[in-house]
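All of these numbers come straight from a predicted model, not from anything done at the bench.
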Amino acid sequence: MKVELQNLTKIFPSRNKKSSEEVVAVNNFTFTIPDGSLVGLLGPSGCGKSTTLYMISGLQRPTSGKIFFGDEDVTDLSPENRGIGLVFQNYALYPHLTVKQNILFPLQNLRGKDKMTKEQMLERALQAAKLVQIDELMERKPSELSGGQQQRVAIARALVKMPRVLLLDEPLSNLDARLRLQTREEIRRIQKETGITTVFVTHDQEEAMSISDMIVVMKLGVVQQVGKPQEIYDDPTNLFVAKFLGTPPINVFSGRVENGMLYIGDDAVLAVKGVEDQNVTVAVRPEGFTLDENGALHCKLSNVEVMGRDVSVVSSHEAAITPIIRSIIDADNRVDTTSATVNYSLKPHKVFLFDAEKEERIYFEV
Ligand code: ADP
Ligand code: MG
């Protein structure tokens, strides 16, 4: 099911009686979620991810704008009539019901033409339980399950009605690191197996990058960039997006362009054709540095961390904005740890320039 968001806006009135300032939680969001895809809604806390999800679900009404499921305008439909499955961060299972009863619950409330026989319901529940691999646990109570298992039950409960759209709001946040990894792969597998159009909300860029077909990066209610994870990583539209994606994070410097040459401090690091003379913000991915005795970027060496396949070199530079510069170098390269300095040349496609004030991307020719 294709989901279309048209100029979706949500404004909340001020919570504080003294100030009249309203909150624009979501600002003019237009996007088409392709049928059968998994879209990651990504951004820092408070940027409007949940509000967007709740509008898609029908739990919240947009202040303006429209939502379509396929060709059907669902903007005024109640959540029950939209055919959605919802999973929250806290699993919200009924504690007094068994796993089976929890999964059956949404089916028991079906009325009219959708009403199912007991056998049909049991079959459907078992099918959903198998999909998330908890069919062995059907008679347990939620308190007898691990966090990861509880979240699987919640997902099974969301899937049992065979929703047109699956909506997940930070579903992995309450799980420990190992389970988080495992469960996110499970979600991806289930999504691929069922082909259900899915919106996955997270503030964790790595999580979004690893499972999404498409990512929508948001900031303060405004969509910053939409694209495939790798595309956004390789081609961020502004400094916010460049900084939000990637671990270790991107390294940021203040710089300037003079006569087609990019300077970081006094170091003439890269020829950048087609850019007017101006102050710029320079961002370099950790993998964008090459160890080079004759390299133009002169940094002060602080520390070398060996991480198996790679070496992480920590250094500093007087023009750096980020507190440290962290480069990732292939472990075959030897870093002279006794040296006080480390010199780098830069890989042009890993270097991004931004307007020093507006923080919008400035493109250059290599
Ligand atoms: P996220 O899920 O990205 O953390 P939310 O969508 O929950 O962000 O919130 C976006 C903004 O809207 C925040 O500034 C938040 O404080 C505000 N907000 C969310 N829900 C309400 C509400 N019911 N009333 C007033 N403000 C709200
Ligand atoms: Mg939220």
Side-chain angles (χ1 to χ4, degrees), residues 38 41 49-61 74 77-176 178-180 182-191 193-194 196-203 207:
L38 191 158
L41 264 189
K49 305 180 295 293
S50 294
T51 305
T52 303
L53 204 75
Y54 297 163
M55 288 194 284
I56 300 173
S57 75
L59 291 175
Q60 270 172 1
R61 272 192 65 89
V74 299
L77 274 189
S78 68
E80 302 80 57
N81 295 322
R82 285 193 192 194
I84 48 130
L86 252 179
V87 178
F88 297 100
Q89 174 177 342
N90 50 354
Y91 330 113
L93 301 175
Y94 301 107
H96 58 288
L97 299 182
T98 63
V99 167
K100 184 163 62 185
Q101 289 164 335
N102 264 284
I103 300 174
L104 280 171
F105 194 84
L107 299 180
Q108 288 161 338
N109 286 329
L110 292 177
R111 297 284 171 263
K113 66 171 175 34
D114 295 327
K115 198 168 161 58
M116 298 170 81
T117 67
K118 209 165 175 197
E119 287 70 35
Q120 285 171 327
M121 286 193 272
L122 279 171
E123 196 189 318
R124 203 57 107 59
L126 188 63
Q127 206 182 340
K130 278 196 174 135
L131 196 58
V132 300
Q133 296 172 344
I134 46 155
D135 44 314
E136 311 272 299
L137 308 172
M138 292 297 252
E139 301 309 324
R140 292 209 199 166
K141 294 272 177 65
S143 61
E144 298 163 337
L145 301 175
S146 72
Q149 289 167 335
Q150 289 185 50
Q151 195 54 299
R152 282 162 194 256
V153 178
I155 295 168
R157 194 178 53 181
L159 289 172
V160 74
K161 278 208 282 185
M162 300 189 171
R164 302 197 281 179
V165 181
L166 182 62
L167 305 168
L168 307 163
D169 192 357
E170 312 241 9
L172 309 179
S173 297
N174 283 357
L175 306 182
D176 65 45
R178 197 180 51 84
L179 260 180
R180 202 151 58 221
Q182 192 189 336
T183 313
R184 87 181 184 206
E185 274 150 28
E186 283 285 289
I187 288 176
R188 186 51 168 161
R189 176 185 61 78
I190 293 161
Q191 194 274 331
E193 271 179 41
T194 57
I196 298 177
T197 306
T198 299
V199 184
F200 183 99
V201 161
T202 178
H203 63 272
E207 205 168 280

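Counting heavy atoms from C-beta outward, Ile190 and Thr198 have side chains that stay 4.5 Å or more apart. With contacts defined as side-chain heavy-atom distances shorter than 4.5 Å, the pair Leu93/Phe105 does not qualify. Taking 4.5 Å as the limit, every side-chain heavy atom of Leu175 sits out of range of all side-chain heavy atoms of Gln182. With a 4.5 Å cut-off on side-chain heavy atoms, Leu110 and Met116 count as touching. Between Arg157 and Pro106, some side-chain heavy-atom pair lies under the 4.5 Å cut-off.
Contact record, Ile103 with Ile134: CD1-CD1, 3.9 Å, taken as the closest heavy-atom pair. Across all non-hydrogen atoms, the minimal contact from Thr98 to Glu139 is CG2-O, 3.6 Å. Annotation for Ala156 and Ala128: closest pair O-CB, 3.7 Å, computed over non-hydrogen atoms. When every heavy atom of Asn102 is checked against every heavy atom of Tyr94, the shortest pair comes out as OD1-N, 2.8 Å. Heavy atoms only, all atoms of each residue included: Ala158 and Leu166 are closest at CB-CD1, 3.9 Å. Closest non-hydrogen pair, Ser57 versus Leu86, comes out as CB-CD1, 4.1 Å.
Scanning for side-chain hydrogen bond (donor to acceptor under 3.5 Å, both in side chains) contacts around Arg164 gives Glu72, with sequence neighbours left out. For Arg140, there are no side-chain hydrogen bond (donor to acceptor under 3.5 Å, both in side chains) partners at least two apart in sequence or on another chain. With sequence neighbours left out, Glu170 forms a side-chain contact (heavy atoms from CB on, under 4.5 Å) with Lys49, Gln89, Ser173, Val201, His203. Listed by chain and residue number, nothing satisfies the salt bridge (charged side-chain N to carboxylate O under 4.0 Å, His left out) test with Arg180 (two or more places apart in sequence, or in another chain). With sequence neighbours left out, the salt bridge (charged side-chain N to carboxylate O under 4.0 Å, His left out) criterion links Arg184 to no other residue. For the side-chain contact (heavy atoms from CB on, under 4.5 Å) test, residues two or more places apart in sequence or in another chain that qualify with Ser50 are Tyr54, Asp169. Annotation: side-chain contact (heavy atoms from CB on, under 4.5 Å) contacts of Leu122 (sequence neighbours excluded): Lys100, Leu104. Contacts of Glu136 classified as salt bridge (charged side-chain N to carboxylate O under 4.0 Å, His left out), with partners at least two apart in sequence or in another chain: none. With sequence neighbours excluded, no residue forms a side-chain hydrogen bond (donor to acceptor under 3.5 Å, both in side chains) with Asp135. Every residue two or more places apart in sequence or in another chain was checked for a salt bridge (charged side-chain N to carboxylate O under 4.0 Å, His left out) with Lys161, and none qualifies.
Taking OG1 of Thr183 as the reference point, atom CG of Asn174 lies at 11.5 Å (rounded to 0.5 Å). Remark: Leu167 CG to Thr197 OG1 distance equals 10.0 Å, nearest 0.5 Å. The distance from atom CG of Leu179 to atom CG of Leu172, rounded to the nearest 0.5 Å, is 9.5 Å. Between the CD atom in Glu144 and the CG atom in Leu137 there is a gap of 10.0 Å [rounded to 0.5 Å].
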Give the table of side-chain donor-acceptor pairs shorter than 3.5 Å for residues 145-153, with sequence neighbours excluded, one pair per line with atom names and distance.
residue, atom, partner, partner atom, Å
Ser146, OG, Gln149, N, 3.2
Ser146, OG, Gln149, OE1, 3.4
Gln149, OE1, Ser146, N, 2.9
Gln150, NE2, Pro142, O, 3.4
Gln150, NE2, Leu145, O, 3.3
Gln151, NE2, Phe88, O, 3.1
Gln151, NE2, Pro171, O, 2.5
Arg152, NH1, Val132, O, 2.9
Arg152, NH1, Glu186, OE1, 3.2

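Pairs passing the side-chain hydrogen bond (donor to acceptor under 3.5 Å, both in side chains) check and including a residue from residues 109-124, sequence neighbours excluded, read Thr117-Gln120.
Of the possible donor and acceptor atoms, none in the side chain of Asn90 sits under 3.5 Å from a partner among the backbone N and O of Ala92.
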